Amino acid sequence: MPELPEVETVVRGLQKVLSGRRVVSVRLGKTDFIDDPVAVEQELPGKTILAVKRFGKFLLFDLESPQQLENGTSLLIHLGMTGQLRTCPAEAPVLPHTHVFLGLNDGRELRYTDIRRFGRFAVLKNGAREVALGGLGLDPLEASEKQFCERLRGRRARMKALLLDQRVFRGIGNIYADESLWRARIHPMKLAAMLSERNLRDLYRAVQKVLTDAIRLRGSSVSDYVDSEGERGGFQQRHRVYQRHGEKCSRCGGTIRRAIVAGRSSHFCPRCQPSPRQQKPAKP
DNA sequence: CTTACGGCCTGGGTGC
DNA sequence: TGCACCCAGGCCGTAA
């Protein structure tokens with residue numbers, strides 16, 4: 001599933017190939033994941049892609065029309081669980097479940113393929129971008145240790161729920177939440193308010209390390225994630241807990257468990273991520 | 001206000 | 001061979 005490191009990898013790949021390219025045509029398949037399909041068909045042709053950026057798990061294409069009548073048009077894309085964005089020659093064979101084809105002025109195409117169609121596609125003009133992204137929290141890689149800890153300190157929700165909440169931090173999903181909590185030795189059911197300052201600092205460092213390592217290895221390919229060139233990531237081989245239930249913890253030898261926390265399957269080592277029930281509240 | 005939870009969308013994989 | 005079921009991320013409504 002594309003989370004921050006996967007989206008970052010895709011964005012870097014697309015930025016290299018797409019910036020300065022102009023969209024010359026739009027072809028759509030199924031459109032139930034597109035906010036306003038007609039707007040996509042009408043707005044994109046003729047627009048130049050100035051830049052491709054990441055905002056949390058969203059991709060943002062900055063677009064400019066030749067006459068520059070409006071400013072700040074952007075294409076917003078969320079890959080959901082199974083979305084793939086790839087460029088290829090226009091004549092390349094079409095993968096199943098490909099629903100958006102953007103023809104480019106260099107004879108290539110940008111294609112969006114999404115088996116489940118849990119993704120999102122939208123053209124946003126002027127202020128709509130701020131509205132769509134306004135509720136999202138801090139980018140964990142842009143946050144200072146102080147900012148990061150402030151966001152969590154005193155919260156009475158489970159740590160797993162807070163890490164997954166895009167209003168708290170944008171970009172973290174199930175894989176990197178589990179991997180970060182393992183690294184910081186924090187149980188996913190632990191309430192944030194029960195964490196010591198030491199715990200918070202450890203978690204900050206764990207998140208930084210896990211996300212930057214994952215970006216370096218071009219993301220995790222657990223199901224069908226591939227980057228903009230169709231290449232799989234490499235970080236899945238470094239996962240310590242995610243989908244490793246039943247295996248031995250590489251740190252303490254305990255048996256990794258899987259449990260539903262905050263409605264999501266969570267993977268952790270019950271031995272080095274001690275259960276909250278066996279733990280006393282942090283001292284004031 | 002904050003948190004928890006169930007349901008919904010879709011279809012590939014799994015297990016009977 | 002079929003088929004019910006699970007599960008994923010985001011979002012929304014509802015309840016405490």
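Below, chain A is the first sequence line, B the second, and so on; all start at residue 1. Just so it is clear, the structure is predicted and the values come from calculations on it, not from any experiment.
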N-O pairing of A/R216 and A/D213 below 4.0 Å: yes
Axial cation check for A/F101 ring with A/R27, 6.0 Å and 45° limits: yes
Parallel, tilted or perpendicular: rings of A/H245 and A/H267 (30°, 60°): tilted
Pair A/E179 + A/R183, salt bridge at N-O below 4.0 Å: no
From B/dT10, C/dG10, C/dC7, nucleotide with atom closest to A/D32 side chain: B/dT10
Sugar-phosphate only, base, or nothing, as touched by A/R258 at under 4.0 Å among non-hydrogen atoms: sugar-phosphate
Aromatic-base stack, A/F118 on C/dG9, cutoff 5.5 Å, angle under 30: yes
Rounded interatomic separation in angstrom, taking CG from A/L79 and P from C/dG10: 11 Å
Length of the CG-C1' vector between A/L164 and C/dC11, whole Å: 14 Å
Under-4.0 Å side-chain N/O to phosphate OP1/OP2 contact, A/R155 with B/dT3: yes
Touch class at under 4.0 angstrom, heavy-atom based, for A/R264 against every strand present: base
Whole-Å gap separating P (C/dA8) and OH (A/Y242): 7 Å
A/K57 side-chain N/O to C/dG9 phosphate OP1/OP2 under 4.0 Å: no
Whole-Å distance separating the CZ atom of A/F58 from the P atom of C/dG10: 8 Å
same_hphob_cluster(A/Y225, A/F33) at 4.5 Å side-chain heavy-atom cutoff: yes
Proximal nucleotide (of B/dG11, C/dG9, C/dG10) relative to the A/Q166 side chain: C/dG10
Value in whole Å for how far the C1' atom of C/dG9 lies from CG of A/D178: 14 Å
Shared hydrophobic cluster, A/F121 / A/V123 (ILVMFWY, side-chain heavy atoms < 4.5 Å): yes
Short side-chain N/O contact from A/H97 to OP1 or OP2 of B/dT10, under 4.0 Å: no
Phosphate contact (B/dG11 OP1 or OP2) by A/R117 side-chain N/O below 4.0 Å: yes
A/R158 vs B/dC5: side-chain N/O to OP1/OP2 distance below 4.0 Å: yes
B/dC9 phosphate, OP1 or OP2, under 4.0 Å from A/K30 side-chain N/O: no
Value in whole Å for how far the C1' atom of B/dT2 lies from CG of A/L162: 10 Å
OP1 or OP2 of C/dA8 under 4.0 Å from side-chain N/O of A/S265: yes
Protein-nucleotide distance (A/I115, atom CD1; B/dG13, atom P), rounded to Å: 8 Å
Contact under 4.0 Å: A/H78 side-chain N or O vs C/dG10 OP1/OP2: yes
Rounded distance in Å - CZ (A/F121) to P (C/dG10): 17 Å
